[in-house]
Amino acid sequence: MRADELRELYLRFFKEKNHAVIGSASLMPENDPTALYVMAGMHPLMPFLLGQPHPQGKRLVNFQKCIRTIDIDEVGDTTHLTFFEMLGNWSLNDYWKKEAITWSYEFLTFKEWLGFDPEKLSVTVFAGDDDAPMDNEAVEIWRSVGIPDERIYFLPKDDNWWGPPGKVGPCGPCTEMFIVVDEIPKCGPDCKPGCHCGHFVEVWNDVFMEYNLKEDGSYERLEQRNIDTGMGLERTVAMLQGVPSVFDIELFTPLIAHIKKISGRDEPSDDEDRFVKIIADHVKSAVMIMADDAQIAPSNVEHGYIVRRLLRKAILSADKLGIDKGFMEPLADITIEMYKDVYEEVEKNSVFIKKNLKSEEAKFRKTLRKALGKFERMFEENGTITGKDAFLLFTSFGLPLEMTRDLAEEKGIDIDLDEFRKEFEHHRDISRTATEGKFKGGLADHGEEHTKLHTATHLLQAALRKILGDKVQQSGSNITKERLRFDFTFDRKLAPEEVQHVEDLVNGIIDEDLEVTKEFMPYDEAIALGAMAFFKETYGETVSVYSVGDFSMELCGGPHVKRTGTLGRFKITKQKKIGAGIMRIRAVLEPIDAS
Ligand code: SER
């Protein structure tokens, strides 16, 4: 079975169980400022998992593109990828464990669906701890469909608890399903599901979401219980095709074949094979990120830094295989071809993607040799690589911290990350202006531009409500260093005069240089005072409220600017209808001309 067939079959199965098919969302999380990329199918659905009604009902199914850089060091084994797709079905306060598990079993093992041999299926359930009890209910259901006790394993929170994808949010115990790979023997007597040797491959995870993790680290029961399931598309296809790894399915073979050809490595050694896979994975991920409509280019901050890291690691790996420059464009073409019918944005943004691949490679190749030479000299001179060295390699040669760390690891050295950070802070303090927007690699922080755009988002929402009425409500927001993006409930595009009116209103507030104030108050009081709240459950009893004069008042964690006068000129750059009754606006802040 191919990937496109599995996508189709999965949607069909759950459609038959009355699920509505929803589309894949952008890779940029809209509702979660604590995460850079969507890392699971449930991520874009956060507001609905927290109680907001979904326009398409309580049972949903989809496939979602995901990025998980947390697994970046595993890439090259049989199952881990930084870009992957996840198939998922959701119950928003509708069905519960019995249906979820029974349907998972049916889809995996029945002949008319995936037809895996039930004997090859092992499952894990949550073993219980101080936060939540052992999941007996799940055990009973697995027994009832016929899984014998010796193939039901109990694992702790590290393995059998999911979420939240960011720092706070919905989560709960889960049950994972594993297919046994006969060709890879158990690695030892303790080998069991969760072990990474490749004998047990996890294909699906059913999460029983009944808790909310709060900022203070405590768990509270969610008022609404949800099911969130995630099936890894690439892994499941590999299992269905009986091939040894995700790199052997059609979503990788053309990339791998091309890399082997240009490097002249028909039969690579183990190390070389890993480089081949890293190149395929990382270039694909970077392409898929840049293909997103948010148009993220490689940079030294936040989202863009991830792209830079992926590309530079791919370039370094290519260099190790002696691959000449210009190798990324053909790989981008292959990737675009692979996904263009599934995700329409991929082809649309192809010019942007290739332009950035080219310039990133040119920039990095120029200093790569020097960086590696410098690294070796530093090592020879001191017998180690310090945090300070790593900082110098980054600022002078563009070598991402993580790559220096990898190179150091090969020599058995641990880099002192605290020292790197200290150096970074120090450097930032002494030359703030010169380094603005640079040298913040890997240290996710909310820079000045981000903060300004955040305040501008509040002003935009207030202006939209004043002009278009109270039916305007935020349904999503996403900010990069360059622009804000705001999704709201409204059923048509704004007329040019309305756009002008909104801009004028916001710019008027900027010109008034109003103070932005923050207060803490009980949630109910804030609401009674008319503060806007996006979704109730994520706020605690006491909430922080940001006000701009009496123009805007919103529940929010911040950060915001101190006065509106610092924002610049507000300008709407694009608007688009993105769904039934949902509009999207992009806007920027331009510096005010001093002349
Ligand atoms: N969110 C869960 C996971 O990523 C299930 O979809 O595994």
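Being a predicted model, the structure only gives us computed values, none of them experimental. Read the numbers this way: they start at 1 and go in the same order the structure lists the ligands and their atoms.
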Are [X] and [Y] within salt-bridge range, i.e. N to O under 4.0 Å?
X: E345; Y: K65; answer: yes
X: D77; Y: K277; answer: no
X: E85; Y: R7; answer: yes
X: K97; Y: D206; answer: no

Side chains of T236 and W204: is there a donor and an acceptor less than 3.5 Å apart?
-> no
Applying a heavy-atom distance cut-off of 4.0 Å, which protein residues contact ligand 1?
-> A40, M42, R68, M86, W162, N205, V207, D228, T229, G230
For W90, is the NZ or CZ atom of R59 found under 6.0 angstrom from the centre of its six-membered ring and inside 45 degrees of the ring axis?
-> no
